[in-house]
Amino acid sequence: MDNKYKIILASNSPRRKELLAGLDIAFEVVVKEGIDETYPENLSSDEVPLFLSRLKAAAYRDTMTANELVLTADTVVVVDDMILGKPSNEAEAYRMLRLLSGRTHHVVTGVSLTTLEKQRSFNVTTEVTFRALSDAEINYYVERYKPFDKAGAYGIQEWIGYIGVTSLKGSYFNVMGLPVQRIYEELLKF
């Protein structure tokens with residue numbers, strides 16, 4: 001891809017770095033600390049990641065140059081119209097996985113591609129179904145993999161995804177945190 005922009009990935013996520021690198025596009029990681037990720041309570045759960053990706057992008061506007069394109073993203077896990085963020089401890093991770101066990105949920109990633117002249121924002125949703133997980137399986141995963149940096153307390157690319165996910169409708173990479181196929185398409189349009 002011949003890109004006229006210097007691409008900035010505004011994320012510390014090792015998974016997002018790995019996924020974007022898989023597109024063979026040159027990029028640099030720049031992370032601004034202290035961005036307030038508060039969203040209005042009246043937003044639907046599916047609107048939250050898009051709102052947050054735009055909010056994150058706005059934090060970069062004052063330091064962007066004309067040749068830069070900033071990629072911001074936010075991923076949430078939604079079950080029963082409830083957002084499962086990143087668990088703060090083992091008990092919360094266990095509770096989240098128990099809630100997902102034997103059920104279908106949605107993973108929604110909001111992405112914004114922002115330059116000084118324009119912004120393209122979009123959501124990508126993937127439907128994920130877990131088989132019923134035993135308490136022992138959940139405890140093993142939480143204790144061994146410590147999924148405290150993952151929305152919904154799981155990484156599909158880890159053990160729990162191997163043994164628990166029975167079906168997936170949509171982008172696998174979206175569940176990992178970055179819908180790279182759609183990003184590639186949007187960058188071509190840019």
Side-chain angles (χ1 to χ4, degrees), residues 9-24 27-39 45-46 48-50 52-53 56 71-111 123-184:
L9 174 62
S11 176
N12 258 336
S13 164
R15 289 165 300 284
R16 286 192 177 131
K17 291 176 201 174
E18 175 189 349
L19 290 168
L20 190 58
L23 292 179
D24 290 340
F27 67 93
E28 179 182 327
V29 174
V30 177
V31 178
K32 289 196 174 196
E33 300 296 330
I35 298 173
D36 178 15
E37 294 189 29
T38 306
Y39 54 86
S45 54
D46 289 347
V48 169
L50 193 59
L52 290 175
S53 77
K56 291 174 184 179
L71 188 161
T72 53
D74 194 82
T75 301
V76 297
V77 171
V78 180
V79 63
D80 296 335
D81 204 35
M82 177 176 49
I83 294 175
L84 302 183
K86 297 174 184 173
S88 55
N89 55 45
E90 286 186 5
E92 194 173 5
Y94 177 88
R95 183 187 62 74
M96 288 181 185
L97 289 168
R98 174 59 43 227
L99 189 61
L100 298 174
S101 175
R103 302 184 65 198
T104 298
H105 63 275
H106 294 92
V107 178
V108 184
T109 302
V111 177
N123 266 352
V124 174
T125 301
T126 305
E127 187 176 279
V128 181
T129 302
F130 270 97
R131 70 168 176 76
L133 301 168
S134 71
D135 289 345
E137 289 167 334
I138 293 172
N139 285 328
Y140 173 80
Y141 177 70
V142 171
E143 289 171 13
R144 173 121 188 218
Y145 289 87
K146 309 216 179 294
F148 309 123
D149 65 335
K150 296 172 179 68
Y154 79 93
I156 194 168
Q157 72 280 9
E158 295 175 339
W159 182 82
I160 199 83
Y162 293 1
I163 65 104
V165 173
T166 60
S167 73
L168 181 103
K169 184 176 180 185
S171 168
Y172 172 82
F173 298 113
N174 183 51
V175 182
M176 285 180 65
L178 202 61
V180 287
Q181 187 276 331
R182 176 75 184 271
I183 288 170
Y184 180 79

Colleague: Where is the tightest heavy-atom contact between Phe27 and Val29, given as atom of each residue plus distance?
Modeller: CE1-CG2, 3.9 Å
Colleague: Minimum heavy-atom separation for Thr109 and Gly177, please, with both atom names.
Modeller: CG2-O, 3.9 Å
Colleague: Got a donor-acceptor contact below 3.5 angstrom from the Glu92 side chain to the Ser88 backbone?
Modeller: yes
Colleague: Indicate yes or no for a side-chain donor-acceptor contact from Ser53 to the backbone of Asp74 under 3.5 Å, with no hydrogens or angles considered.
Modeller: no
Colleague: Side chains of Ile163 and Leu133: closer than 4.5 Å at any heavy-atom pair?
Modeller: yes
Colleague: Kindly say whether Arg98 contributes a backbone atom to a donor-acceptor pair with the side chain of Arg103 at under 3.5 angstrom?
Modeller: no
Colleague: Is there side-chain contact between Glu37 and Lys56, with heavy atoms separated by less than 4.5 Å?
Modeller: yes
Colleague: Is the NZ atom of Lys169 crowded by more than 12 outside heavy atoms at less than 6.0 Å?
Modeller: no
Colleague: Give, for atom CG of Leu178 and atom CG of Leu9, the distance between the pair rounded to the nearest 0.5 Å.
Modeller: 7.0 Å
Colleague: Where the side chain of Asn174 meets the backbone of Val124, is there a donor-acceptor pair that is under 3.5 Å apart?
Modeller: yes
Colleague: Check the pair Leu84, Tyr154 against side-chain contact (heavy atoms from CB on, under 4.5 Å), reporting the backbone distance first and the verdict last.
Modeller: CA-CA 11 Å; Leu84 302 183; Tyr154 79 93; over 6 Å; no
Colleague: Shortest non-hydrogen contact from Leu168 to Ser171?
Modeller: CD2-C, 4.4 Å
Colleague: Does CZ in Arg131 sit with more than 12 non-hydrogen atoms of other residues, nucleotides or ligands closer than 6.0 Å?
Modeller: yes
Colleague: Can you check whether Met82's main-chain N or O pairs, donor with acceptor, with Asp80's side chain at less than 3.5 Å?
Modeller: no
Colleague: Would you find more than 12 non-hydrogen atoms of other residues, nucleotides or ligands less than 6.0 Å from Tyr141 atom OH?
Modeller: yes
Colleague: Do the side chains of Asn139 and Tyr94 get nearer than 4.5 Å, heavy atoms only?
Modeller: yes
Colleague: side-chain contact (heavy atoms from CB on, under 4.5 Å) between Leu19 and Met176: does it pass, once the steps are laid out?
Modeller: CA-CA 9 Å; Leu19 290 168; Met176 285 180 65; 3.8 Å; yes
Colleague: Shortest non-hydrogen contact from Phe130 to Leu100?
Modeller: CB-O, 3.6 Å
Colleague: Could you check Val165 against Val175 for side-chain contact (heavy atoms from CB on, under 4.5 Å), going step by step and ending with a plain yes or no?
Modeller: CA-CA 11 Å; Val165 173; Val175 182; over 6 Å; no
Colleague: How far does CG of Leu23 sit from CD of Gln181, to the nearest 0.5 angstrom?
Modeller: 9.5 Å
Colleague: Between Asn12 (side chain) and Val31 (backbone), is there a donor-acceptor pair under 3.5 Å?
Modeller: no
Colleague: To the nearest 0.5 Å, what is the distance between CZ (Phe173) and CG (Leu20)?
Modeller: 12.5 Å
Colleague: Is it true that Thr75 and Arg15 share a donor-acceptor pair across their side chains at a distance under 3.5 Å?
Modeller: no
Colleague: For Lys86, does the NZ atom sit with more than 12 other heavy atoms under 6.0 Å from it, leaving out its own atoms?
Modeller: no
Colleague: Output the distance between atom CZ (Arg16) and atom OG1 (Thr72), rounded to the nearest 0.5 Å.
Modeller: 9.0 Å
Colleague: Is it true that a side-chain atom of Asn123 and a backbone atom of Pro49 form a donor plus acceptor pair closer than 3.5 Å?
Modeller: no
Colleague: Do you know the tightest heavy-atom contact between Pro87 and Lys150?
Modeller: CD-O, 3.3 Å
Colleague: Quick test of your reading: applying side chain to side chain donor-acceptor pair (under 3.5 Å), list the pairs with at least one residue in residues 159-168, sequence neighbours left out, ordered by first then second residue.
Modeller: Thr129-Ser167
Colleague: Might you point out which heavy atoms bring Val78 and Ser45 nearest each other, and give the distance in Å?
Modeller: CG1-OG, 3.4 Å
